[in-house]
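Heads up, the thing below is written out as structure tokens.
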There are 2 protein chains.
Amino acid sequence: MKPVFAAKTHDHAACVADALGEAETLCQARGVKLTPLRRAVLELVWDSHRPVGAYDILDQLSKQRGRVAPPTVYRTLDFLLANGLVHRIESLNAFVGCSVGPDVPHSGSFLICTDCGRAAELNDNRIAAAVNLTLQGSGFRPDRHTIEVAGRCADCAAGPEAE
Amino acid sequence: MKPVFAAKTHDHAACVADALGEAETLCQARGVKLTPLRRAVLELVWDSHRPVGAYDILDQLSKQRGRVAPPTVYRTLDFLLANGLVHRIESLNAFVGCSVGPDVPHSGSFLICTDCGRAAELNDNRIAAAVNLTLQGSGFRPDRHTIEVAGRCADCAAGPEAE
DNA sequence: ACAGACATGTTATATTATAACACATGAAGC
DNA sequence: GCTTCATGTGTTATAATATAACATGTCTGT
């Protein structure tokens with residue numbers, strides 16, 4: 001079985017540390033600032049492999065720094081989105097860390113488990129390729145795509161133990 | 001050029017009449033009721049080939065029947081969605097009539113023009129096939145998908161005349 | 001010091017969606 | 001006929017998501 005979702009036993013601390021490190025590097029390369037606020041939000045997004053809502057982030061952030069207002073969170077998410085560090089999951093109005101790598105521009109394609117809530121980003125252009133194939137001759141100029149497949153991940157399909 | 005988007009000159013009245021007729025037939029076949037309210041909402045959704053927001057529907061509906069509250073609209077949309085008569089465009093929080101045919105269960109795949117706002121539903125065999133192919137060996141059991149490609153339709157890409 | 005750019009804070013509000021309960025209507029059984 | 005039940009609709013209130021507009025702070029280059 002191909003590992004698509006993060007193994008339930010993986011070293012998540014390292015996983016987050018990696019993501020933050022890469023983000024730091026990327027921001028330096030681009031001459032943009034990964035401020036403490038942005039870093040904190042990115043870390044909260046990476047807190048799990050589940051897409052997280054803006055207001056969940058807001059709640060967590062408030063615990064760390066006292067009252068935070070929605071624009072703070074949305075602006076920060078806008079920055080992270082613009083730099084490819086997170087993706088928005090349209091079907092959930094939620095956000096998840098980019099696990100493909102922000103240096104390659106891409107829209108993100110996701111599998112979302114409706115049981116455990118985890119999301120897995122596909123590093124695979126076959127779906128996008130099929131979309132492009134379907135477009136051929138239509139004159140449509142694609143700009144970005146939203147590809148989100150909901151279902152049950154292998155773990156959840158296998159053992160329906162309590163969430 | 002394959003006709004993906006409805007031609008700007010097509011007979012839209014006939015287009016809507018068709019959709020309503022098919023809906024009527026389908027509902028009878030299924031033993032569910034296409035009530036006047038549901039018919040009115042479906043007609044409003046089909047009013048254009050642009051995805052339309054729930055509150056836009058609400059406004060229009062209010063003109064026809066006096067004060068209407070949000071739950072009325074959302075419930076009606078839920079019915080139409082459940083019966084495959086409309087699709088939800090996640091990236092726009094909006095709804096559009098199903099032009100593939102509600103008798104075949106499908107999640108819908110859309111092209112959305114960011115210039116003129118129109119949406120075109122793809123007859124998505126190849127896309128669904130690519131999704132399945134990509135998932136092979138992953139153990140993921142897909143249930144439904146959200147595929148929305150934003151870009152410029154042929155008309156808008158060709159002539160940037162005023163919207 | 002100052003200007004300018006950028007990041008953040010603050011207040012208010014817009015937009016999208018649902019929960020919970022009330023009432024109406026029509027078919028199924030008695 | 002009346003009851004009962006399921007279904008559809010109405011109504012009130014509120015939740016959840018998102019943005020506009022403006023104020024303040026903070027760094028950087030000169």
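Sequence lines set the chain letters: A, B, ... in the order given, protein chains first and strands last, and positions in each chain run from 1.
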Separation of [X] atom [atom1] from [N] atom [atom2], in whole Å?
X       : N      : atom1 : atom2 : result
A:Asp56 : D:dA15 : CG    : C1'   : 14 Å
A:Leu61 : C:dT8  : CG    : C1'   : 12 Å
B:Asn93 : D:dT17 : CG    : C1'   : 9 Å
A:Leu77 : D:dT19 : CG    : C1'   : 13 Å
A:Arg38 : C:dG9  : CZ    : P     : 11 Å
A:Leu92 : D:dA16 : CG    : C1'   : 14 Å
B:Lys33 : D:dA6  : NZ    : P     : 14 Å
B:Tyr74 : D:dA16 : OH    : C1'   : 11 Å

Nearest 0.5 angstrom please: [X] [atom1] to [Y] [atom2], how far?
X       : Y       : atom1 : atom2 : value
B:Leu61 : B:Thr76 : CG    : OG1   : 7.5 Å
A:Ser62 : A:Asp59 : OG    : CG    : 6.0 Å
A:Leu34 : A:Leu42 : CG    : CG    : 6.5 Å

For the base of C:dT16 and the side-chain ring of B:Tyr55, does the geometry meet a stacking cutoff of under 5.5 Å between centres and under 30° between planes?
yes

Please tell me if [X] has a side-chain N or O lying less than 4.0 Å from either OP1 or OP2 of [N].
X       : N      : answer
A:Arg88 : D:dA18 : yes
A:Thr72 : C:dT10 : no
A:Arg67 : C:dT10 : no

Where the side chain of [X] is defined as all heavy atoms beyond and including C-beta, which of [options] is the nearest nucleotide?
X       : options               : result
B:Thr35 : D:dT12, D:dG8, C:dT10 : D:dG8
B:Ala54 : D:dA18, C:dA7, C:dA17 : C:dA17
A:Arg75 : C:dT18, C:dT10, D:dT9 : C:dT10
B:Leu37 : C:dA17, C:dT8, D:dG10 : D:dG10

State whether a side-chain donor-acceptor pair under 3.5 Å links A:His49 with A:His10.
yes

Using atom types as modelled and distance alone, determine if a side-chain donor or acceptor of A:Arg50 lies under 3.5 Å from a backbone N or O of A:Cys116.
yes

